[in-house]
Enquirer: 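Encoded as structure tokens, here's the structure I'll be asking about.
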Amino acid sequence: MLDKSYRPQEVEEKLYSRWMESKAFACGRNESEDAFTIVIPPPNVTGNLHMGHALNNTLQDILVRFERMRGKDVLWQPGTDHAGIATQMVVERQLAEQGITRHDLGREKFIEKIWEWKEKSGGSIIGQLHRLGASCDWERERFTMDEGLSKAVRKVFVQLHKEGLIYRDKRLVNWDPKFHTAISDLEVEQKEVNSHMWHFDYPIEGEEGRFITVATTRPETMLGDTGVAVHPDDERYKDLVGKFVILPLVGRRIPIVADEYADPEQGSGAVKITPAHDFNDFEVGKRTGLDVINIMDINACLNDDVPEAYRGMERFEARKKIVADIDALGLLNKIEDHTHTVPYGDRSGVVIEPLLTDQWFADAATLAQPAIRAVEKGNTKFVPSKWTNTYYDWMRNIQPWCISRQLWWGHRIPAWFGPDGMIFVEETEEQAYAAAKAHYGKDVELNQDEDVLDTWFSSALWPFSTLGWPDQTPELAKHYQTDVLITAFDIIFFWVARMMMMGLHFMDDEPPFHTVYIHALVRDEHGAKMSKSKGNVVDPLVLIDEYGADALRFFLSSSAAQGRDVRLSEQRVEGYRNFTTKLWNAARFCEMNECAIADGFDPFATKDPVNRWIVGEVAKCEAAVREALEGQRDGYRFNDASNAVYAFTWNVFCDWYLELAKIPFQGDDEAAKLETRSTSAWVLDQILKILHPFMPFVTEELWGTIGTKRDADLIVSDWPVYPETAVDQGAADELDWLQGLVTGIRAVRSEMNVPAGAKIPLIFNGGTDVQKDRLARHWDVISRLARLESNAIDADLPKGSLQFVHDGATVALPLAGAMDLDAEKARLGKEIGKLEGYMTGLNKKLGNEKFVASAPEAVVQGERDKLSEAEVKLAKLKEAAERLAEL
RNA sequence: GGGUGUAUAGCUCAGUUGGUUAGAGCGUUGCCUUGACAUGGCAGAGGUCACAAGUUCGAAUCUUGUUACACCCACCA
């Protein structure tokens, strides 16, 4: 027996446990050759479920549940990411509370601490995904620092190194002075700031009183200047090229060089060059042979290569002092207000400092080539397709990828240094020692590289490392290539692009997925990005508590129109909660009426046209949902799929079918009652199946609670397949006519203020035999739904009647003295006016020879049909108006 | 500086290859405690599809331009 109301809070956890225990999520449960595979975008092990995760995982779960029901061997591969910087930060913060730093512990102990933290409180997001209903194969859960995945990382690193695609280089990198590590270009955020442009006069050597003015937004770097550049064609400075300036405060003699980088239009046309602290200057320095003097330490404080007065100063403190000191020397030419972009570390939030260091790089430009080709050839496609261009733009201009990080938490780089600096890159320490012995001819002491790899390096391997690679496991054979990757656009470069590169390189030129579905961002109700600092973050778990996971999921999927952001609306979530209530009550109604599928019942061989009709409507709904979801054409239209099943359930099944079913339920025709009971139960079952991927909990609960005996849970039941004959067009037309008649009567009644409860007579004139037959057969239904007391066919019309035309027949509701004649006249007049306007348009169109000549025949015929239909209607309406006028 | 996207009812949004009297949900108005459901039912009001020009027999839909907003990328001192 169903409870009077549905309380998701009481059933969701129970059902999720049941699914887990029955191993409903497990891959391989179904032995089908046809595999369907999605790898989850692994959330950070430090993460908490936010709306973006909720959307992302809801969409994945919809596809996974859909394909599972369709009989495929489904693998939704879950796991978490070790998230180098984020995780290290969390644990360091905890240590800081005890007054300890990671250096107090030492590397080994610190990493142990992180593992402890991970075991105890890491991965709470997994439990939160359970709340959402995510049907991942949890027994296969992976972590990017697992032994297996780490092995894959080492193998990839070593192989790429042997192929020359990973190399070590001394280069200027983005240095994060807070975390003391290099970061990649992608982890740098350019932010616009209001600052100043300082103009300094640098004295020319040997020319008393002559200066060259340079402008800078970073005065502190002047201590590292090793030259001044002017444009080779700049007439103003031609005579100065080759001469020297004496760098103020430092006293260094630095050359004036000619380089095209200097823009004569900018400032004075002369630019100071600091090769060690600016990417452009580095290039200029290389071209013109300038010295490279690094003036900063890892904290971005000035080092010992600057004059004593500045040593140890923090860079922004130094800036103030330098400006003041230059001013004191009389060399501060001017200060202008200036807005420019400044690089910030995306996780640390501090200004990034270009710093010259030894780092490991991946040759992204080479790895990108197959990845570009795969998309060009259509082997992997983006949905929506506009993201293809974003991908191309980035891939075609890709820079070397700095993959080393000066952190402790992560995959340690498998490189060992010999006593003379020789590097041995091997998968294991033993192999490194063996290689060293072979090289040196004797045993030597090796030191492993202290650095770890960029977190995204291991994520790039996720689609095959989680399947067991480098071992050739059955899962790898069956589930690689995976099907669709579902993610947000902000991760295309970080992750998608790199998975493409690695997947193609290591998996025999087969891309990791055939489709990349890029979903929207979830914004707040005002359209603003959600962020902690704005305080507008909505916790999905709070919404789940309040309205149930199904309501949140349905909101997200019905909002997931391609190419458009999702605006969170609690009101809409509430609306979908109401939908679960509606479904629940429909099921209760069926239960009360003892609906059950009788033995031998064939849904496609019912007698009652109402039943024949609803079976056809089910088939249409299923087709709409399936076609919207399937990836074959332009699938992944989650909003279309959700809306189709919503509209069918509420507006067709509940609003019409169940109302119609009350007639046989309350009547005494036992055969009709039996058929309708079976049909109702059958349709309800179909709804539960079709709705299950979207609303897994309420559907499973109903599936298990309503009277029907089940072999298995809904989650592992079969997605329905209907015969061609499921749609009976004759029944569809008949019900369409019936609904139009009822709606027409209701509208007239409502508009003319006939009391809702009043039962009134009906006169039906000028209808076809088919219509008369329908009226007679469905009279019970029509009289109930339209509140009628009697009917007469082709009868004389009493003077005072409400009248309208339905499908060519005149429908009259005699009210005698009870009706407002003037109001009815006005109503009919308005109706006629509207119809005439409509016909004018049609006549004009059909009178246009060019239209008739050039439009497709079907379109022209369609317009003609509309016109003749309208003509009949107009004639009848006019008759009605005349009758009224006689009064 | 380069690129992408969006503009349709009071609000949030659908509208697949150009052919409807342009749809939904929420909100709103009126009526209804009708034996599943007031977290409900029935009926209604509400739109010159941002603006301008063009292509076409026909444009919310295609082209160009304008305006507004959003986002991404980029080393301009």
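The structure displayed is predicted, hence computed values, not measured ones. Below, read A as the first sequence line, B as the second, and so on, with proteins coming before strands; counting in each chain starts at 1.
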Enquirer: Any idea which of G25(B), C32(B), A77(B) is nearest the Asp263(A) side chain?
Expert: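 When the side chain of Asp263(A) is considered, A77(B) is the closest of G25(B), C32(B), A77(B).
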Enquirer: For C69(B) and G25(B), measure between their C1' atoms and round to the nearest Å.
Expert: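 One C1' to the other, the span is 24 Å.
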Enquirer: Using the side-chain contact (heavy atoms from CB on, under 4.5 Å) definition, which of the options Val522(A), Leu521(A), Asp524(A) pairs with Met51(A)?
Expert: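 One option only clears the test, and that one is Val522(A).
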Enquirer: In whole angstrom, what separates Leu2(A)'s CG from A36(B)'s P?
Expert: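 One finds 14 Å between P of A36(B) and CG of Leu2(A), rounded.
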Enquirer: P atom, A7(B) versus U63(B): distance in rounded Å?
Expert: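 Here A7(B) and U63(B) have their P atoms 14 Å from each other.
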Enquirer: Before you tell me yes or no, could you show the steps for Leu785(A) and Arg746(A) under side-chain contact (heavy atoms from CB on, under 4.5 Å), namely the whole-Å CA-CA distance, both residues' side-chain angles and the distance that decides it to 0.1 Å?
Expert: CA-CA 9 Å; Leu785(A) 297 183; Arg746(A) 283 168 170 174; 3.9 Å; yes
Enquirer: How far does the C1' atom of U64(B) sit from the matching atom of G1(B), given to the nearest Å?
Expert: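 Comparing C1' positions in U64(B) and G1(B) gives a spacing of 23 Å.
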Enquirer: Just N and O in the side chain of Thr341(A): are any of them under 4.0 Å from OP1 or OP2 of C76(B)?
Expert: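 Yes.
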Enquirer: How are the rings of Tyr517(A) and Phe638(A) set to each other: parallel, tilted or perpendicular (split at 30° and 60°)?
Expert: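 The rings of Tyr517(A) and Phe638(A) stand perpendicular, inter-plane angle above 60°.
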Enquirer: Rounded off to whole Å, could you give me the CG-to-P distance for the Leu658(A) and U34(B) pair?
Expert: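 Spelled out: CG on Leu658(A) to P on U34(B) is 18 Å.
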Enquirer: Determine the contact category for Ala853(A): base if any of its heavy atoms lies under 4.0 Å from a base atom, sugar-phosphate if only primed atoms, P, OP1 or OP2 are that close, otherwise nothing.
Expert: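 Nothing: the residue Ala853(A), judged by heavy atoms under 4.0 Å, touches no strand.
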Enquirer: Tell me, which stems hold RNA chain B, with a stem being 3 or more Watson-Crick or G-U pairs in a row and both distances under 3.5 Å?
Expert: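 Result, WC/G-U stems under 3.5 Å: B:1-7 with B:67-73, B:10-13 with B:23-26, B:28-32 with B:40-44, B:50-54 with B:62-66.
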Enquirer: Looking at every strand, decide which applies to Tyr838(A) at a 4.0 Å heavy-atom threshold: base, sugar-phosphate, or nothing.
Expert: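 If one applies the 4.0 Å heavy-atom cut-off, Tyr838(A) turns out to touch a base.
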Enquirer: Between A70(B) and U56(B), how far apart are the P atoms? Round to whole Å, please.
Expert: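 Each nucleotide's P atom is 38 Å from the other's.
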Enquirer: For C13(B), does either OP1 or OP2 sit under 4.0 Å from a side-chain N or O belonging to Arg567(A)?
Expert: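 Result: yes.
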Enquirer: Is Glu831(A) paired with Lys834(A) through a side-chain N to carboxylate O contact shorter than 4.0 Å?
Expert: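 No, this pair does not count.
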Enquirer: Remember a base hit wins even if backbone is also touched, and classify Lys529(A) as base, sugar-phosphate or nothing at under 4.0 Å, heavy atoms.
Expert: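 Counting heavy atoms under 4.0 Å across all strands, the contact made by Lys529(A) is with sugar-phosphate only.
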Enquirer: CD1/Ile273(A) to CD1/Ile256(A) distance, rounded to the nearest 0.5 angstrom?
Expert: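 The distance works out to 12.0 Å.
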Enquirer: For nucleotides C42(B) and U34(B), find the distance between their P atoms and express it as a whole number of Å.
Expert: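 Comparing P positions in C42(B) and U34(B) gives a spacing of 14 Å.
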Enquirer: How many whole angstroms separate atom CZ of Arg523(A) from atom P of U12(B)?
Expert: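 After rounding, the reported distance stands at 13 Å.
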Enquirer: Tell me what Ala586(A) touches on the nucleic acid: a base, only sugar-phosphate, or nothing, going by heavy atoms under 4.0 Å.
Expert: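 Base contact.
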Enquirer: Measuring from Ile745(A):CD1 to Ile760(A):CD1, what's the distance to the nearest 0.5 Å?
Expert: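 Between atom CD1 of Ile745(A) and atom CD1 of Ile760(A) there are 7.5 Å.
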Enquirer: Rounding to a whole Å, what distance do you find between Glu192(A):CD and C72(B):P?
Expert: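 After rounding, the reported distance stands at 13 Å.
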Enquirer: Say you pick atom C1' in G58(B) and the same atom in G19(B); how far apart are they, in whole Å?
Expert: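 Looking at atom C1' only, G58(B) and G19(B) are 7 Å apart.
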Enquirer: Name the orientation class of the two ring planes belonging to Trp650(A) and Phe579(A) (parallel below 30°, tilted from 30 to 60°, perpendicular beyond 60°).
Expert: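 Rings of Trp650(A) and Phe579(A): parallel, under 30°.
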Enquirer: Within the 4.0 Å heavy-atom criterion, would you say Cys590(A) contacts the bases, only the backbone, or no part of the nucleic acid?
Expert: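 Here Cys590(A) touches no strand at all.
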Enquirer: Rounding to the closest angstrom, what is the interatomic distance between A9(B) and G44(B) at atom C1'?
Expert: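 That atom pair is separated by 14 Å.
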Enquirer: When we call it a touch if two heavy atoms are under 4.0 Å apart, what does Pro755(A) touch: a base, just sugar-phosphate, or nothing?
Expert: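 Here Pro755(A) touches no strand at all.
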Enquirer: Provide the distance between the two P atoms, one in A45(B) and one in A22(B), to the nearest whole Å.
Expert: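 Straight-line distance between the two P atoms is 13 Å.
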Enquirer: So that I can tick it off, tell me whether Arg577(A) and Glu574(A) are bridged by a salt bridge, with the cut-off set at under 4.0 angstrom between side-chain N and carboxylate O.
Expert: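 The answer is yes: the pair qualifies as a salt bridge.
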Enquirer: Examine distances only and state if a side-chain atom of Asn643(A) and a backbone atom of Asn639(A) form a donor-acceptor pair shorter than 3.5 Å.
Expert: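 At least one qualifying donor-acceptor pair exists.
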Enquirer: Of the candidate nucleotides G19(B), G27(B), A77(B), which contains the atom at the shortest distance from the side chain of Gln571(A)?
Expert: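 For the Gln571(A) side chain, the nearest candidate turns out to be G27(B).
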Enquirer: Could you say whether Ala561(A) or Met592(A) is positioned toward the 5' end of RNA chain B, judged by the nucleotide with the nearest heavy atom to each?
Expert: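 Of the two residues, Ala561(A) wins.
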Enquirer: Within this structure, what is the CD1-to-P distance between Ile491(A) and C71(B), rounded to whole angstrom?
Expert: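 Result: 19 Å.
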Enquirer: Using 30° and 60° as the class limits, which term best fits the ring planes of Phe489(A) and Trp387(A): parallel, tilted or perpendicular?
Expert: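 Parallel: the ring planes of Phe489(A) and Trp387(A) meet at under 30°.
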Enquirer: Write down the distance between CD (Glu260(A)) and C1' (A77(B)), rounded to a whole number of angstrom.
Expert: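 So the CD-C1' distance, Glu260(A) to A77(B), works out to 16 Å.
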Enquirer: Given Glu591(A) and Arg588(A), is the salt bridge (charged side-chain N to carboxylate O under 4.0 Å, His left out) satisfied, shown in steps?
Expert: CA-CA 5 Å; Glu591(A) 187 179 59; Arg588(A) 280 181 62 222; 5.9 Å; no
Enquirer: Please report, rounded to the nearest Å, how far the P atom of G44(B) is from the CE atom of Met752(A).
Expert: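 Result: 14 Å.
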Enquirer: Hey, are Lys334(A) and Thr213(A) close enough side-chain-wise for a donor-acceptor pair under 3.5 Å?
Expert: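 Looking only at side-chain atoms, Lys334(A) and Thr213(A) do not form any donor-acceptor pair under 3.5 Å.
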Enquirer: Could you tell me how far apart Asp820(A) (CG) and G30(B) (P) are, to the nearest whole angstrom?
Expert: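 Interatomic distance, CG of Asp820(A) to P of G30(B): 20 Å.
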Enquirer: Base, sugar-phosphate, or nothing: which does His199(A) touch, judged by heavy atoms less than 4.0 Å apart?
Expert: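 The answer is nothing, as His199(A) stays clear of every strand by at least 4.0 Å.
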Enquirer: Would you give a per-nucleotide map of nucleotides 37-42 of chain B, 5' to 3', where B means the base has a protein non-hydrogen atom under 4.0 Å away, S means only the sugar-phosphate does, and - means neither?
Expert: B-BSSS
Enquirer: Nearest 0.5 Å, please: how far is OG1 in Thr216(A) from CZ in Arg319(A)?
Expert: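 Separation between the atoms: 8.0 Å.
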Enquirer: Just to verify, which of Thr288(A), Asp225(A), Thr226(A) counts as forming a side-chain contact (heavy atoms from CB on, under 4.5 Å) with Pro275(A)?
Expert: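 The side-chain contact (heavy atoms from CB on, under 4.5 Å) with Pro275(A) is passed solely by Thr226(A) among Thr288(A), Asp225(A), Thr226(A).
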Enquirer: Reckon Asn848(A) touches a base, only the sugar-phosphate, or nothing at all at heavy-atom distances under 4.0 Å?
Expert: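 Touches sugar-phosphate only.
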Enquirer: At under 4.0 Å between heavy atoms, what does Ser854(A) touch on the DNA or RNA strands: base, sugar-phosphate, or nothing?
Expert: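 Contact class for Ser854(A): base.
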Enquirer: N/O contacts under 3.5 Å, protein versus nucleotides 5-9 of chain B?
Expert:
{"unit_1": "A7(B)", "atom_1": "OP1", "unit_2": "Arg564(A)", "atom_2": "NH1", "d": "3.3"}

